[in-house]
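This report refers to the structure that appears directly beneath it.
A, B, ... follow the sequence lines: proteins, then strands. Residue 1 opens every chain. What you see is a predicted model; the values in this text were computed from it and never measured.
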There are 2 protein chains.
Amino acid sequence: MAKKVLNRRERERERHRAEILRAAEEVFTEKGFHGASMQDIAEQAEFAVGTLYKFFTGKEDLYHALFLEKVRKIDALVGKGMDSETEPVGKLKRLIEVNLRVVEEYKKFFGLYLREIMGKFPVSPATQPQIRRLRNQIVKRVAEVIKTGIKKGVLRKADPRAMTMVLLGMLRGSAFIWVEGRHKLTLKELTEMVKKMFFEGALAEGK
Amino acid sequence: MAKKVLNRRERERERHRAEILRAAEEVFTEKGFHGASMQDIAEQAEFAVGTLYKFFTGKEDLYHALFLEKVRKIDALVGKGMDSETEPVGKLKRLIEVNLRVVEEYKKFFGLYLREIMGKFPVSPATQPQIRRLRNQIVKRVAEVIKTGIKKGVLRKADPRAMTMVLLGMLRGSAFIWVEGRHKLTLKELTEMVKKMFFEGALAEGK
DNA sequence: TCACACAATGAATCTTCATTCACATTATAC
DNA sequence: GTATAATGTGAATGAAGATTCATTGTGTGA
């Protein structure tokens, strides 16, 4: 019986932790790291400030935890997407689709995400290296796929690293511009455009 | 715009202002807006804190001034680059070249720049709209060039807005990835790759 | 029912700066 | 040379907000 009681407690605790993370996501995505106060987050979570410190050692730690949780989820989605195809071109198409779909799903979080992976000044020193490591796995995978595509003769002969850089840059950049705003474009249209441009380029046929 | 002739005092003052801006650039690019203190900047500039306030109304104002100065310079370069060509494809090529060259020249500043134009949470509320306005001019110009290219039949028939988005995204994103890091690629190689990819795509000939 | 472990609370504390301002220094005018 | 104006100074101020901790509340097992 003692064990069951403990379980209950533990589950409760876990739920509270998750609630705090949800609140933190809300507030951080709304106001950014520096604009968000622990007060804000506590209120959003309907806990007292002190309580947050029972779960996380501080503001940075909370941010860090939120970040890892999200990035893991995103990377898993992207990875699974690529797994679902066998041929290089198919894999790359899925990469583009999933990437942009994720952007939509995590639209609010995306602003934070990009600032963190892109800039220096990581909010928490521990966050960036971990995220980088996760990201590097994706980069390597994409480069590998492109290399295979070249070997098979379906992709143009060029430095795979550079192609990877351009492709990922294209995804990141256009997603950003899309999130930014005033677009009448649907995400679907953007996805199609990115695919077309990446594979076939901007020049008219035969030019 | 006859620049008013400045007497000794006024010139001195102008020089001091510029020195403070230089120091601010140093410190902000090093530590980011929130990581930089007025103390830091003052020390770097070899002035007392109080002095900074004789030139700028506050930290935000200083940041804002620095930003505008830089962005104006960058945009002028890009604009001039495009002016130097007459044909759409030539203009776009110049756009790519100049853009990436600027990235190299302003490498340190670039991190700040992107965070500011990209994210919400602008550091100073006044900065973002102004920068956006400047940026929009470039976007419009590029879209116009692309539209002309399509009309002339040298670019594929597609939504010019979307193409613009992808092209600018590609530039921004790949520049970022380049700045980020561990690249063996020279900027020249990256530039070539972006051009090739944008115009011709990734697929092998005849595929 | 009681006692006890654990969870939650939030006012009080501690830190970190941005900003100010009374004063000192220097340059210019007369 | 003295008066006046402009510049520069940096210790003192105040505000914001992260963190702590003494206290209060609650569910659990006897």
Quick one: Leu52(A) CG to dG10(C) P, roughly how many Å, whole number? 12 Å
Without decimals, in angstroms, what is the distance between Glu10(A) CD and dT28(D) C1'? 15 Å
By side chain to side chain contact (heavy atoms under 4.5 Å, CB included) - contacts of Glu85(A) (at least two apart): Lys91(A), Arg94(A)
Would you say the side chain of Val142(B) lies within less than 4.5 Å of the side chain of Leu92(B), judging by non-hydrogen atoms? yes
Would you say NZ of Lys196(B) has more than 12 non-hydrogen atoms from neighbouring residues, nucleotides or ligands within 6.0 angstrom? no
For atom CZ of Arg11(A) and atom C1' of dT28(D), their distance in whole Å: 15 Å
Using atom types as modelled, flag every donor-acceptor pair under 3.5 Å from a side chain in residues 42-59 of chain B to any protein atom, sequence neighbours excluded.
unit_1: Thr51(B); atom_1: OG1; unit_2: Ala48(B); atom_2: O; d: 3.4
unit_1: Lys59(B); atom_1: NZ; unit_2: Phe33(B); atom_2: O; d: 3.0
unit_1: Lys59(B); atom_1: NZ; unit_2: Ala36(B); atom_2: O; d: 2.7

Look at the aromatic rings of Tyr63(A) and Phe67(A) and report parallel, tilted or perpendicular, splitting at 30° and 60°. tilted
Could you run down nucleotides 3-8 of chain C 5' to 3' and tag each one B, S or - for protein heavy-atom contact under 4.0 Å? ---SSB
I need the CZ-P distance between Phe56(A) and dT19(D), as an integer number of Å. 13 Å
Between dT7(D) (C1') and Arg17(B) (CZ): distance, integer Å: 16 Å
Could you tell me which residues satisfy side chain to side chain contact (heavy atoms under 4.5 Å, CB included) with Glu104(A), sequence neighbours excluded, listed by chain and number? Trp178(A), Leu187(A)
I need a per-nucleotide contact map over nucleotides 11-20 of chain C, read 5' to 3'. Cutoff is protein heavy atoms under 4.0 Å; write B for the base, S for backbone only, - otherwise. -------SBB
Considering only NZ, NE, NH1 and NH2 on the basic side and carboxylate oxygens on the acidic side, decide whether Glu192(A) and Lys195(A) come within less than 4.0 Å. yes
For residues 69-76 of chain A, run the donor-acceptor check on the side chains, cut-off 3.5 Å, and write out each pair with its distance to 0.1 Å, sequence neighbours left out.
unit_1: Glu69(A); atom_1: OE1; unit_2: Arg22(A); atom_2: NH2; d: 3.2
unit_1: Glu69(A); atom_1: OE2; unit_2: Arg22(A); atom_2: NH2; d: 2.9
unit_1: Lys70(A); atom_1: NZ; unit_2: Glu25(A); atom_2: OE2; d: 2.9

